[in-house]
Amino acid sequence: MDFVIKKLWLTIIIPVIISLVVIIAFELNIFSPGIYQNEAVALFVFTSIMELVTLISIPLALRLFKIKKIREELMAMKEEALGKWGVLRLTMLADTMMINTVLYYIFMNVAFGYLAIILFISIMFILPTKSRCYSDINP
């Protein structure tokens, strides 16, 4: 179980660290923020896509373990299923947060920043603590 928990934590920590590196790089002007700031069509397309992805991924990730088929697999296969579905659940939120962070600095549009913040807060509700992992695989 400890290996699964470490794997789940890495699934969160790596995108958060990448997001922090992106933030630091753009804030220190290592990269130029807003390079696509004047691209209205690209901004509209990326904003629409990321708003939809965010709006779909948050409720899906938070309720993923309540889906009957996934719940049954968690009860039957325990740690193996927790590793598979837990990584999927955390990836939906953490990777989307990372992408929104990068898009915020590329377009300098606050919508992406707000989406990244909302996703970061959502991750806090499914942190893979030991007690949570045991409660996810036990009835």
Side-chain angles (χ1 to χ4, degrees):
M1 178 61 94
D2 289 334
F3 175 74
V4 173
I5 293 171
K6 287 177 184 176
K7 183 167 97 172
L8 294 175
W9 274 105
L10 279 175
T11 306
I12 294 173
I13 289 175
I14 290 171
V16 168
I17 289 173
I18 291 171
S19 295
L20 287 173
V21 168
V22 167
I23 291 168
I24 291 168
F26 276 103
E27 290 297 330
L28 293 176
N29 288 325
I30 295 171
F31 299 120
S32 299
I35 57 174
Y36 290 113
Q37 195 168 12
N38 297 325
E39 299 291 332
V41 175
L43 175 64
F44 174 76
V45 170
F46 279 107
T47 304
S48 300
I49 290 170
M50 291 313 295
E51 284 175 352
L52 284 173
V53 168
T54 301
L55 287 173
I56 291 169
S57 66
I58 291 173
L60 181 60
L62 294 176
R63 302 287 298 168
L64 186 67
F65 287 179
K66 301 294 183 193
I67 297 172
K68 185 178 179 183
K69 186 172 181 140
I70 295 172
R71 188 81 187 141
E72 290 171 356
E73 189 175 335
L74 285 167
M75 295 302 142
M77 298 172 60
K78 306 258 183 222
E79 291 180 27
E80 182 182 334
L82 180 63
K84 178 174 79 173
W85 294 109
V87 166
L88 174 68
R89 176 164 90 159
L90 293 168
T91 300
M92 282 192 290
L93 297 179
D95 288 356
T96 308
M97 177 201 64
M98 181 180 61
I99 294 167
N100 275 313
T101 303
V102 171
L103 289 174
Y104 167 73
Y105 281 104
I106 289 174
F107 288 103
M108 289 308 293
N109 186 325
V110 294
F112 296 118
Y114 291 142
L115 292 173
I117 292 167
I118 291 168
L119 286 159
F120 182 73
I121 292 169
S122 298
I123 291 171
M124 298 303 140
F125 290 104
I126 57 171
L127 286 176
T129 61
K130 191 173 258 189
S131 61
R132 170 161 306 190
C133 289
Y134 279 112
S135 69
D136 285 339
I137 61 174
N138 294 316

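None of the values given here were measured: they were computed from a predicted structure. All heavy atoms count here, side chains included; hydrogens, waters and symmetry mates do not. Counting begins at 1 with the first residue of the sequence.
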Peer 1: Quick check: do Tyr134 and Met1 have side-chain heavy atoms less than 4.5 Å from each other?
Peer 2: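 Heavy-atom side-chain distance check passes, below 4.5 Å.
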Peer 1: Side-chain contact test, heavy atoms from C-beta onward, threshold under 4.5 Å: evaluate it for Arg89 versus Asp136 and give yes or no.
Peer 2: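 Arg89 vs Asp136: side chains touch.
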Peer 1: Hey, are the side chains of Met98 and Asp95 touching, using non-hydrogen atoms and a 4.5 Å cut-off?
Peer 2: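 Of all side-chain heavy-atom pairs linking Asp95 with Met98, at least one is under 4.5 Å.
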Peer 1: Are Met108 and Val110 connected into the same hydrophobic cluster when the rule is that any two of I, L, V, M, F, W, Y join if their side-chain heavy atoms are below 4.5 Å apart?
Peer 2: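 In one cluster with Val110: Met108, yes.
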Peer 1: Looking at residues at least two apart in the chain, or sitting in another chain, which of them share a side chain to side chain donor-acceptor pair (under 3.5 Å) with Lys68?
Peer 2: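 By the side chain to side chain donor-acceptor pair (under 3.5 Å) rule, Lys68 matches no residue at all.
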Peer 1: Going through the checks in order, is the side-chain contact (heavy atoms from CB on, under 4.5 Å) test met by Glu73 and Lys84?
Peer 2: CA-CA 10 Å; Glu73 189 175 335; Lys84 178 174 79 173; 2.7 Å; yes
Peer 1: In Å, rounded to the nearest 0.5 Å, how long is the span from CZ of Phe125 to CG of Leu93?
Peer 2: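 Those atoms lie 11.0 Å apart.
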Peer 1: If you round to the nearest 0.5 Å, how far is CG of Asn100 from CD1 of Ile117?
Peer 2: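 Between atom CD1 of Ile117 and atom CG of Asn100 there are 10.5 Å.
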Peer 1: Following the transitive rule for hydrophobic clusters with a side-chain heavy-atom cut-off under 4.5 Å over Ile, Leu, Val, Met, Phe, Trp and Tyr, establish whether Leu88 and Ile123 coincide in one cluster.
Peer 2: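 Yes, Leu88 connects to Ile123 through the hydrophobic network.
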Peer 1: May I ask you to test the Phe112-Leu43 pair for a side-chain heavy-atom distance under 4.5 Å?
Peer 2: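 Yes. Closest side-chain heavy atoms under 4.5 Å.
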Peer 1: CD/Glu72 to CD1/Ile67 distance, rounded to the nearest 0.5 angstrom?
Peer 2: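 The CD1 atom of Ile67 is 12.0 Å from CD of Glu72, to the nearest 0.5 Å.
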Peer 1: Could you please spell out the steps behind the side-chain contact (heavy atoms from CB on, under 4.5 Å) verdict for Cys133 and Leu8?
Peer 2: CA-CA 10 Å; Cys133 289; Leu8 294 175; 4.0 Å; yes
Peer 1: Are Ile35 and Phe26 grouped together when hydrophobic residues (ILVMFWY) are joined by side-chain heavy atoms under 4.5 angstrom apart?
Peer 2: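 Hydrophobic grouping puts Ile35 with Phe26.
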Peer 1: Would you please classify the geometry between the Phe107 ring and the Tyr36 ring as parallel, tilted or perpendicular, with 30° and 60° separating the classes?
Peer 2: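 If you compare the ring of Tyr36 with that of Phe107, the planes turn out tilted.
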Peer 1: Rounded to the nearest 0.5 Å, what's the gap from CD1 on Ile5 to CG on Leu127? Could you check?
Peer 2: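 Nearest 0.5 Å value for the CD1-CG distance: 12.0 Å.
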Peer 1: To the nearest 0.5 Å, how far apart are CD1 in Ile106 and OG1 in Thr101?
Peer 2: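 The distance works out to 11.0 Å.
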Peer 1: Is there side-chain contact between Leu90 and Pro128, with at least one heavy-atom pair below 4.5 Å?
Peer 2: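 Touching, per the 4.5 Å side-chain cut-off.
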Peer 1: Is Trp85 reachable from Leu60 through a run of I, L, V, M, F, W or Y residues, each pair having side-chain heavy atoms under 4.5 Å apart?
Peer 2: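 Leu60 and Trp85: one cluster.
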Peer 1: Using side-chain heavy atoms (C-beta onward) and a distance below 4.5 Å, is Asn138 in contact with Lys78?
Peer 2: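 Yes, side chains in contact.
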Peer 1: Given side-chain contact (heavy atoms from CB on, under 4.5 Å), test Ile56 with Met92 step by step and report yes or no.
Peer 2: CA-CA 9 Å; Ile56 291 169; Met92 282 192 290; over 6 Å; no
Peer 1: At what distance, to the nearest 0.5 angstrom, does CH2 of Trp9 lie from CD1 of Ile14?
Peer 2: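 That separation rounds to 13.5 Å.
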Peer 1: Please name the pair of heavy atoms, one in Tyr104 and one in Asn109, separated by the smallest distance, quoted to 0.1 Å.
Peer 2: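 The pair with the smallest heavy-atom distance is CD1-O, 3.1 Å.
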Peer 1: Count I, L, V, M, F, W, Y as connected when their side-chain heavy atoms are under 4.5 Å apart, and connections chain through other members. Are Ile126 and Met124 then in the same cluster?
Peer 2: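 Yes, Ile126 and Met124 fall within the same hydrophobic cluster.
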Peer 1: Is Thr129 reaching over with its side chain to a backbone N or O of Arg132, donor-acceptor style, under 3.5 angstrom?
Peer 2: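 Yes; judged by distance alone, with no hydrogens or angles, the pair exists.
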Peer 1: Indicate the atoms forming the closest heavy-atom contact of Val87 with Lys7, along with that distance.
Peer 2: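 Nearest pair, atom of Val87 first, then Lys7: CG2-CE, 3.7 Å.
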Peer 1: Under 3.5 Å, is there a donor-acceptor pair between the side chain of Arg71 and the main chain of Leu64?
Peer 2: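 Checking the backbone N and O of Leu64 against the side chain of Arg71, no donor-acceptor pair under 3.5 Å is found.
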Peer 1: Around atom CZ of Phe46, are there more than 12 heavy atoms of other residues, nucleotides or ligands at under 6.0 Å?
Peer 2: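 No, CZ of Phe46 has 12 or fewer neighbouring heavy atoms, counting only those of other groups under 6.0 Å.
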